[in-house]
> 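One structure follows; several queries about it will come next.
Convention: sequence-line order gives letters A, B, ...; per-chain numbering from 1.
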There are 2 protein chains.
Amino acid sequence: MPDAADLAPMNTPSRRKFRREGEERRRQDLIEATLNSVAEHGLEGATLRTIALRAGVTAGLIRHYFPSKEELLQEAYAALMGRMTEQAKAALVMEDASPRKRLAAFVTANLNAPIIDARVFSLWATFIGRAGSDPSLARAHREGYLGFRNEVEAVVAEVLAAEQREPDASQLRHHAIAINAIIDGLWVEGCLAGEMFSPGELATIGIKSIEAELGLAPERGENQ
Amino acid sequence: MPDAADLAPMNTPSRRKFRREGEERRRQDLIEATLNSVAEHGLEGATLRTIALRAGVTAGLIRHYFPSKEELLQEAYAALMGRMTEQAKAALVMEDASPRKRLAAFVTANLNAPIIDARVFSLWATFIGRAGSDPSLARAHREGYLGFRNEVEAVVAEVLAAEQREPDASQLRHHAIAINAIIDGLWVEGCLAGEMFSPGELATIGIKSIEAELGLAPERGENQ
DNA sequence: GCGCTATTTATACACTTGCACAACAAGCTC
DNA sequence: GAGCTTGTTGTGCAAGTGTATAAATAGCGC
């Protein structure tokens, strides 16, 4: 449908006003608009025009910052993964706490907002669904996954060391895989049906389950 | 590009030969072609023409069986979910075995082919990614998930009863949630990076982890 | 204020998409 | 084999797609 300019046959140049933003800002905005579009309507609904509309610009501008739509999508996915892993690891930097407390904090952080989030899950699922046919996506995922699992393995080693236990490499790996699965599985459940769980319930379940996996005696008295 | 008919200016009627298949067969073929298309190129790549080509028919025929593309996709998703839950539950019907063996068989079945499968995972992720914005998809998922979890909870109750333990409803629910997460998490890991694990390794990890979760003493002598 | 440049808009284009519909023929009944 | 039903094809169409490119203008250095 033509816009109102057609109805004013006068001398309307009527070109859209615009502002020049910084390059980094524009790229960021476009990536954010892309992620929002994908989260809401899937990859199919993320058209250049939709994305541009969300970012408050016209479609043509996208090509000025990204050589093709494919590049924009890849950068958006990279940004998403970066944010996810960054948040996930952030809970591990409590230098002073005991290994066990750090592990618990890690689990708690990963099983509450903002990591438990329907929008982020939708994005993850949408992109990861193409990992089977897109090798670059598959590699990006595997790197992120291994990095995550290595973090887990490191903390687990610390926790067990503090308990005077000396697992071999194979046992350590198995623990890390299992704990990673527990966190991932609870994350999926929480994202897909968050209202089925009371606040903090998933974290409680996760911590207990992981303690059982590691053969740790339950902590007493701490919090309820 | 026009087809070869243009190059033969004779009397070529040259209409494509076809066979009339049964209705159920055609619907099944179209659904299968849809799932294959989605698995390979995502929802965006699943166009009517692509699907028809895969099914060996022309695009127009699809409308004869499905009122719209949306309906076809919904039926395809329903078929996928049905197959998945059916396979997952199939391992539970060993009437005679002990509860613990049934649980182990259930876990083993869910962490090996054909349930661990990159194509199925790709499909699951692609569809579930839209659960956030499509309420009918979300409901379909939740029903499947709860059904699965209830199955788990029932077996867990049997296992614990056989050990003379009497968990209350809350403990039972927590166990079911955790075990479900373990299976789901390992399933995701296996589908996305199956070659990182030796055959049967995921099942071994899952069984051990679940036994730890339930506080069961490890079985001895059975298999390694 | 005055250019200049690069950001931004707007338009064009070739192509694809889902859907509609008319023409056709496969396979049944007689 | 004739006739009919309907499954199937082929074509058309309006809307939307990504990309290319020309035209405009915002905001900088001067």
> Any side-chain N or O of A/Arg63 under 4.0 Å from OP1/OP2 of D/dA20?
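So the side chain of A/Arg63 is within the cut-off, an N or O lying under 4.0 Å from OP1 or OP2 of D/dA20.
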
> Rounding to a whole Å, what distance do you find between B/Leu72:CG and C/dT17:C1'?
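Rounded to the whole Å, the gap is 15 Å.
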
> Have a look at A/Arg16 and say if it touches a base, only the backbone sugar-phosphate, or nothing, with a 4.0 Å heavy-atom cut-off.
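Since only primed, P, OP1 and OP2 atoms lie under 4.0 Å of A/Arg16, the category is sugar-phosphate.
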
> Find the distance A/Arg15:CZ to D/dA24:C1' and express it as a whole number of Å.
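Distance, rounded to whole Å: 4 Å.
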
> Considering only D/dT9, D/dA26, D/dT19, which nucleotide approaches the side chain of B/Thr58 most closely?
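Selected nucleotide: D/dT9.
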
> Considering only NZ, NE, NH1 and NH2 on the basic side and carboxylate oxygens on the acidic side, decide whether B/Lys69 and A/Glu44 come within less than 4.0 Å.
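Salt bridge absent between B/Lys69 and A/Glu44.
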
> If only atom types and distance count, is the side chain of B/Thr204 paired as donor or acceptor with the main-chain N or O of B/Gly200 below 3.5 Å?
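Indeed, once roles are kept as given, a pair shorter than 3.5 Å links the two residues.
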
> By nearest heavy atom, map B/Glu23 and B/Arg49 onto DNA chain D; which one lands nearer the 5' end?
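Upstream on the strand: B/Glu23.
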
> Measure from the side chain of B/Leu61, starting at C-beta and using heavy atoms only, and say which of D/dG18, D/dT8, C/dT9 lies closest.
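It is D/dT8.
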
> In whole angstroms, how far is the P atom of C/dG18 from the CG atom of B/Leu53?
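Distance, rounded to whole Å: 14 Å.
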
> D/dG18, C/dG27, C/dT8: which one has an atom nearest the side-chain heavy atoms of A/Lys69?
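For the A/Lys69 side chain, the nearest candidate turns out to be D/dG18.
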
> Could you check how far CG of A/Asp29 sits from C1' of C/dT8, rounded to whole Å?
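Those two atoms, CG and C1', are 14 Å apart.
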
> With a non-hydrogen cut-off below 4.0 angstrom, is A/Thr47 in contact with a base, only sugar-phosphate, or nothing?
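Here A/Thr47 touches the backbone only, sparing every base.
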
> Between P on C/dT7 and CZ on A/Arg25, what's the gap in Å once rounded to a whole number?
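Value for this atom pair: 16 Å.
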
> Would you please confirm or rule out a distance under 4.0 Å between OP1 or OP2 of D/dG7 and any side-chain N or O of B/His64?
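Checking B/His64 against D/dG7: at least one side-chain N or O falls below 4.0 Å of OP1 or OP2.
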
> Any side-chain N or O of B/Arg26 under 4.0 Å from OP1/OP2 of D/dT8?
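Yes, within the criterion.
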
> For B/Glu44 and for B/Phe18, locate the closest nucleotide of DNA chain C by heavy-atom distance; then report the residue assigned to the nucleotide nearer the 5' terminus.
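The residue mapped nearer the 5' terminus is B/Glu44.
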
> Check the distance between C/dC19's C1' and B/Leu48's CG and give it to me in whole angstrom.
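Distance, rounded to whole Å: 8 Å.
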
> According to a strict under-4.0 Å criterion, is A/Tyr65 in side-chain N/O contact with OP1 or OP2 of C/dT8?
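Checking A/Tyr65 against C/dT8: at least one side-chain N or O falls below 4.0 Å of OP1 or OP2.
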
> Parallel, tilted or perpendicular, judged at 30° and 60°: which one describes the rings of A/Phe121 and B/Trp124?
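Because their plane-to-plane angle is over 60°, the rings of A/Phe121 and B/Trp124 count as perpendicular.
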
> In plain terms, say whether A/Glu32 and A/Arg83 are close enough for a salt bridge, that is, a side-chain N and a carboxylate O under 4.0 Å apart.
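Answer for the salt bridge query: yes.
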
> With nearest nucleotide decided by heavy atoms, which residue, A/Lys17 or B/Lys17, maps closer to the 5′ end of DNA chain C?
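Comparing both residues, the 5'-ward one is A/Lys17.
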
> What contact category does A/Phe66 fall into here, base, sugar-phosphate, or nothing, at under 4.0 angstrom with non-hydrogen atoms?
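Nothing, no heavy atom under 4.0 Å.
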
> For the pair made of CG in B/Leu30 and P in D/dG7, what is the distance, rounded to whole Å?
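It is 13 Å, rounded to the nearest whole Å.
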
> Between B/Glu213 and B/Lys208 (salt bridge meaning N to carboxylate O under 4.0 Å), is one present in this structure?
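Salt bridge flag = no for B/Lys208 with B/Glu213.
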
> Going by atom types only, do B/Ser37 and B/Thr34 share a side-chain donor-acceptor pair under 3.5 Å?
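The answer is no; no qualifying pair exists.
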
> A/Ser68 side chain: which of C/dT9, D/dT19, D/dG7 is closest?
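Closest nucleotide among those given: D/dT19.
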
> Would you kindly give the CD-to-P distance between A/Glu70 and D/dT19, to the nearest whole Å?
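Value for this atom pair: 9 Å.
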
